[in-house]
Each structure stands twice: as structure tokens, then as C-alpha cells.
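As a basis for the values below, the full set of heavy atoms in this structure was taken, side chains included, without hydrogen atoms, waters or symmetry mates. Whatever order the structure lists them in is the order used to number ligands and atoms, beginning at 1. Small disclaimer: the values here were computed from a predicted structure and weren't measured.
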Amino acid sequence: MSTFQAPKGTYDLIPPRSANFLAVRDAISAPLKNSGYGYIETPGFEDVALFSRGVGESTDIVSKEMYAFETKGGDKLALRPEGTASVLRAALEANLHKAGNLPVKLWYSGSYYRYEKPQAGRYRHFSQVGAEAIGTEDPALDAELIILADQAYRSLGLRQFRILLNSLGDKECRPVYREALQTFLRDLELDEETRRRIEINPLRVLDDKRPDVQKQLTGAPMLRDFLCDACKAYHEEVRDLLTAAGVVYEDDEKLVRGLDYYTRTTFEFVHDGLGSQSAVGGGGRYDGLSEMIGGPSLPSAGWALGVDRTVLALEAEGIELGIPATTSVYAVPLGDEARRVLFGLVTELRKAGIATDFAFGGRGLKGAMKNANRSGARYTIVAGERDLAEGAVQLKDMESGDQEPVALDALVATVQAKLA
Ligand code: HAM
């Protein structure tokens, strides 16, 4: 151990578990790549105002959890707590919405930072794969996004997840509801902080997990009863499309997301094996965000799935991804001349696309064979002076233990044929 440790709320991805993270990122992005989404990468930090305006001043993410700082040059920046505002900022900056067909469909993968109280499944540095479809209002687009996330989770073998679905209304009907809710909430027995929340973000009060608060919330006005006809019809269409696609979801009228930009469709993927941090992914429609950050009207929708929690969900369900051993061939030289020859062969095997490793450090045969075993390699190549004098190496099958000499110039083809 060194003097240093990973900062509080963070952890390192190390082999072999780190392979699951790569596999999860691949599994989530595969359906997106297959559906017209192009890859986008944005900086790890942005102007702090992008998030306070976009995600919302009153959200926990902005008011409590943002890593905001001033640079030596006086710029006020923040480590990105989420991806949507950044992706939309980048799309607007590059004029992608003017360049071609709408929607502009983008996917991303990266690290995000929130100064949260760390616990199992909740970290200060975490990783998301996300998708944003910018510039189109169409219930089929909302449905597409949910279907693709569902596909991603199913392709990983996950079964114990549920999709929670809600509509948050639009700029016509939500303000009316907001006021009705505020009137109801102001009459309740609540602490100071919650009272403040009633004024800035009353919908979040519905999300309060404390039993004494929940008890008082019975009879609260529900947004469902306030949705305007356009929002109702839109939501019905999303639900019908999901049902037609065979995607099972649950209506959850209490689903309020922790970011302020949502309108209409909102959803969350929750996993039942994860305890309190059960949301493995979430998203929805954000028709007003572009205007909130100074852009034109661009109705959009998207989601982000948490890679860390998805890996935890796999572990909770006991799913082994069957990731093959990374090394196929391990080369063990006996003596200096063999070292030079085998090192050359290793490079040739690798050029031929065969995952190969080498016994570095000139350890004895016993130690080198132990390393060969640990590597998971299917074949080991062993050669000493006598083999080389005969122009051959010994090829050992690590499963059967069989060993045979193979001519140096036939090695690559022989190994290729055996692995095929
Ligand atoms: P979010 O619900 O804040 O949405 O985050 C999405 C997912 O990221 C969560 O469901 C969770 O799996 C993971 N996540 C969030 N915070 C943490 C944490 N502290 N530790 C571990 N995992 C975490 C968004 O970020 C939106 N930008 C999603 C979106 C995209 N909406 C529209 N487009």
C-alpha cells in the first residue's frame, strides 16, 4: 500500500472486474449504434452556469452536489454532474440541428461527478452511458429510447429490473398543477427545509421518503388529473407503442426526477436487487432545455444508464458475462537465445490477431508456467536451445496437457487453426 488511497466516494476499476465495466458499456451502446445514434464526447468540465441553468438551481445536484471551482484565470467551471446539458450545448455549438435531419441522435459514455454521501451504489465519481435525441417531438422517439435501454439490459441477461413511467406535463399544464400542489402542501406539518422546497420545487416533496411525510401526502393532488389533452394523448401514444413492442412498464405517478428540465415523458429503470440505490438508469423528455440554455426551441428526449449500478445489478443476479480469457497463447523461453526468438514469435502472433503474452523477467520454468496458468491461456509455447536447434518450439495444450513440437515457420498458422 502507498501513502495514498482513492478519494472518498471513488473506487478503482481493476481486473478482472473491470472487464465487466467494458462489457456493460458495450452492451448499452450496441443498440444505440444500431439505431442511428452517433458517438459524441464532451469535456469533463463546463461553465458552471450551464448546469445551474440547465439542471436547475433548486435541484440537489446543483445546489449541494456540484464540484464547482474557479480557475486561476477566473473562469467558473464545474465537473460535469450529468451529460444532457453538455451534449445539448455541444450540439447547438456545432449547429448539428441545422446540418441535417432531425432528430440529431447522439450517444456518449464517460465519467460524472457528484458530491453525494457515499454508500453502496452511490459514488462521487461514476460512469454513465447515455443517449440524447434532439429536435423532435414524437412519442415514437420516447418509445424508441425506452425500448433500446430495455434491449441493452436484456442483452446482458438482467431480469430483475422494472421500468417506471410517468408524464410530468408541459408548460401549459404543469404550472397549474404546481400551484394546486403548493396550496395543498402549505397546510401540512413540515420542517423548515421542506417548507422551502414547497416554494422552489414542490414536486420533489412528493418524492420525500420519510414515512411521516408520506403519510401526510395522502390526498395530495396528482399531476395525472391535471395533464392537458395534448399531454394526455402524447403519453397514451408512448404507452401504446411500448406495449406493442412487448416492453413491460409500470405507471408511477409519483416518479419525479431529480433534474428540473423534464417535460412530459419521464422514466426510470430500477433494479430490485440493489437496496436503496435502485435506479440503474433514467431519463425523459426535455422540451424546454434548449431555450433554458439560450438555444432555439428543440424538443428532445434521452436517458443515461449508470454503468456502476448496472455492474452491481449483474452481480446481484449472479450473472457471469462469460468474458473469455484475454490471453490465448503464453510464451515461455528457456535461455537467452530462446528469449530473442520467442519474443519475435510473440510479436508475429499478435500481428495475426492472436492474444499473446510473454514470460518477462527471465524467471525459471516453474514460475513462468505458473504465470502461464494464471493468464488463462489455452496454449503455451516453450522453447529451449535443443528445440531451436531443430527449428521448432513445443506447443502445449493447457487443457489436455498434450505437447507437440511445431516448426517455427508453421507456428502462427498452426495456432490459428487450433484456436479457430
Ligand atoms: P440521473 O437519473 O441523474 O439522470 O442519472 C442516471 C443514472 O446514473 C442513475 O440512474 C444512476 O444509475 C447513475 N447515477 C447517478 N448518480 C450516481 C451516483 N452518485 N453513483 C452511481 N451512479 C449514479 C441523468 O443524469 C440525466 N442526464 C439522464 C438523461 C439523459 N435525461 C435525459 N437525457
Enquirer: Within the 4.0 Å heavy-atom shell around A279, which atoms of ligand 1 are there?
Expert: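 Listed by number with element: 9 (C), 10 (O), 11 (C), 12 (O).
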
Enquirer: Do we see a donor-acceptor contact under 3.5 Å between the side chains of R239 and T265?
Expert: no

Enquirer: Under 4.0 Å, heavy atoms only, figure out whether ligand 1 is touched by the backbone of V280, its side chain, both or neither.
Expert: backbone

Enquirer: Identify, by atom number and element, the atoms of ligand 1 in contact range of W303, meaning under 4.0 Å from any of its heavy atoms.
Expert: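 So the answer, numbered in order with elements, is 29 (C), 30 (C), 32 (C), 33 (N).
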
Enquirer: Give me the residue, atom name and distance of the protein heavy atom closest to atom 19 (N) of ligand 1.
Expert: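 Ranking protein heavy atoms by distance from atom 19 (N) of ligand 1, first comes E116 OE2, 2.6 Å.
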
Enquirer: If only side-chain N and O atoms count, and only distance matters, is there a donor-acceptor pair under 3.5 Å linking Y113 with E65?
Expert: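 E65 vs Y113: no donor-acceptor pair found between side chains.
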
Enquirer: Is a donor on one side and an acceptor on the other found under 3.5 Å between the side chain of Q216 and the backbone of E189?
Expert: yes

Enquirer: Out of all atoms in ligand 1, which are within 4.0 Å of some heavy atom of L259? Include the element for each.
Expert: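 This gives 3 (O), 4 (O) as the contact atoms.
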
Enquirer: Looking at D142, is its backbone amide N or carbonyl O close enough to the side chain of R285 to form a donor-acceptor pair, meaning the two atoms are under 3.5 Å apart?
Expert: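 Flag not set: sc R285 to bb D142 has no pair under 3.5 Å.
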
Enquirer: What atoms of ligand 1 come closer than 4.0 angstrom to any heavy atom of A304?
Expert: 6 (C), 7 (C), 28 (C), 29 (C), 30 (C)

Enquirer: Which label fits Y115 and Y67: parallel for a plane angle under 30°, tilted from 30 to 60°, or perpendicular past 60°?
Expert: perpendicular

Enquirer: For ligand 1, which atoms, with element, lie under 4.0 Å from some heavy atom of E82?
Expert: 25 (O), 26 (C), 27 (N)

Enquirer: Identify the closest protein heavy atom to atom 20 (N) of ligand 1: which residue and atom is it, and at what distance?
Expert: Y123 N, 3.0 Å

Enquirer: Heavy atom to atom 3 (O) of ligand 1, shortest distance: which of R114, Q128, R80 holds it?
Expert: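 Comparing heavy atoms across R114, Q128, R80, the nearest one to atom 3 (O) of ligand 1 lies in R114.
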
Enquirer: Which atoms from ligand 1 have a heavy atom of R257 less than 4.0 Å away?
Expert: 1 (P), 2 (O), 4 (O), 28 (C)

Enquirer: Please report which non-hydrogen protein atom sits nearest to atom 26 (C) of ligand 1, along with the residue it belongs to and the distance in Å to one decimal place.
Expert: Y261 OH, 3.3 Å

Enquirer: Should L305 be counted as touching ligand 1, given the test is an N or O pair under 3.5 Å?
Expert: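 Not met; the criterion fails.
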
Enquirer: Looking at non-hydrogen atoms alone, which of G282, G130, A133 comes nearest to atom 28 (C) of ligand 1?
Expert: G282

Enquirer: Quick one: are L227 and S167 in side-chain contact, heavy atoms under 4.5 Å?
Expert: yes

Enquirer: Can you give me the closest heavy-atom contact between A23 and L321, atom names plus distance?
Expert: CB-CD1, 3.7 Å

Enquirer: Side chain, backbone, both or neither: which applies to R124 and ligand 1 if a contact is any heavy-atom pair less than 4.0 Å apart?
Expert: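 Contact part for R124 vs ligand 1: neither.
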
Enquirer: Does a donor on one side chain and an acceptor on the other come within less than 3.5 Å for E132 and Y108?
Expert: yes

Enquirer: Where the closest heavy atom to atom 21 (C) of ligand 1 is concerned, which of G121, G83, G306, P118 has it?
Expert: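 The nearest heavy atom belongs to G121.
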
Enquirer: Parallel, tilted or perpendicular: which fits the ring planes of Y112 and F126, with parallel below 30° and perpendicular above 60°?
Expert: tilted

Enquirer: Check whether any heavy atom of Q277 sits under 4.0 Å from an atom of ligand 1.
Expert: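 Per 4.0 Å heavy-atom rule, Q277 does not contact ligand 1.
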
Enquirer: Run the numbers on E116 and K64 for salt bridge (charged side-chain N to carboxylate O under 4.0 Å, His left out), then give the verdict.
Expert: CA-CA 8 Å; E116 298 205 68; K64 296 187 191 151; over 6 Å; no

Enquirer: Just wondering, do E144 and L141 contact through their side chains at under 4.5 Å, heavy atoms?
Expert: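 Side-chain contact under 4.5 Å: yes.
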
Enquirer: Taking atom types as modelled and ignoring hydrogens, do the side chains of D240 and T243 form a donor-acceptor contact shorter than 3.5 angstrom?
Expert: no

Enquirer: Mark up the atoms of ligand 1 that fall under 4.0 Å of a heavy atom belonging to G281, in ascending order.
Expert: 10 (O), 12 (O)

Enquirer: Answer yes or no: does an N/O atom from R122 fall short of 3.5 Å to an N/O atom of ligand 1?
Expert: no

Enquirer: Which residue holds the protein heavy atom closest to atom 33 (N) of ligand 1, what is that atom called, and what is the gap in Å?
Expert: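 Answer for atom 33 (N) of ligand 1: E132 OE1, 2.8 Å.
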
Enquirer: Is there any N or O on Y286 that sits under 3.5 Å from an N or O of ligand 1?
Expert: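 No; every N/O pair is 3.5 Å or more apart.
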
Enquirer: Distance to 0.1 Å, residue and atom name: give those for the protein heavy atom nearest to atom 14 (N) of ligand 1.
Expert: F126 CE1, 3.5 Å

Enquirer: Heavy-atom contacts with Y262 under 4.0 Å: which atoms of ligand 1 show up? List them by number with element.
Expert: 26 (C), 28 (C), 29 (C), 31 (N), 32 (C)

Enquirer: Once rounded to the nearest 0.5 Å, what's the spacing between atom CH2 of W107 and atom CG of L32?
Expert: 7.5 Å

